[in-house]
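In this text, all values refer to a predicted model and were calculated from it rather than measured experimentally. Both ligands and their constituent atoms are indexed starting at 1 by order of listing.
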Amino acid sequence: MALRVRVCEVTDVIAGELRGYDVDGVTWPVMVTRLDDAIIAFPGVCPHDDVSFVDYGVLDDRAVRCRVHGYTFDLDTGRCVHMPALQLRRYKVTLVGPEVWVDLL
Ligand code: FES
């Protein structure tokens with residue numbers, strides 16, 4: 001069974017912007033952006049070394065780049081461009097009316 005949580009409103013998600021939303025009971029915020037018509041959501045922590053994407057993540061076209069060591073994660077696949085063994089998890093996104101919900105599990 002999925003653990004589905006509400007993150008934000010659809011209108012909060014803007015192409016070219018990366019935002020983090022705190023969720024009760026979750027350590028790292030949920031990062032959200034829009035690519036084309038799709039809303040993309042992923043954990044707000046760099047898979048390389050547990051730093052916050054709210055503080056160090058930069059949207060770079062269709063990827064997020066971590067400013068700590070410069071690793072870039074393709075948001076279409078989650079794959080790290082610099083270290084293929086690293087994978088950025090992406091959450092399943094469900095729209096419920098005007099709201100964005102993600103499956104954390
Ligand atoms: S901590 Fe993010 S690239 Fe190293």
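Ion pairing between a basic and an acidic side chain is recognised when a charged N comes within 4.0 Å of a carboxylate O; Asp36 and Arg62 show such pairing.
For ligand 1, the 4.0 Å heavy-atom shell contains residues Cys46, His48, Asp49, Val51, Cys66, Val68, His69, Tyr71.
The distance from atom CE of Met31 to atom CZ of Phe53, rounded to the nearest 0.5 Å, is 7.5 Å.
For the pair Cys46 and Tyr56, the minimum side-chain heavy-atom distance is 4.5 Å or more. For the pair Asp76/Ile40, no side-chain contact is recorded, criterion being any heavy-atom separation below 4.5 Å from C-beta on. Contact annotation: the side chain of Val81 never approaches that of Arg65 to less than 4.5 Å [non-hydrogen atoms, C-beta and beyond].
Test Ile39, Asp103, Leu104 against Tyr91 for side-chain contact (heavy atoms from CB on, under 4.5 Å) and you get one pass: Leu104.
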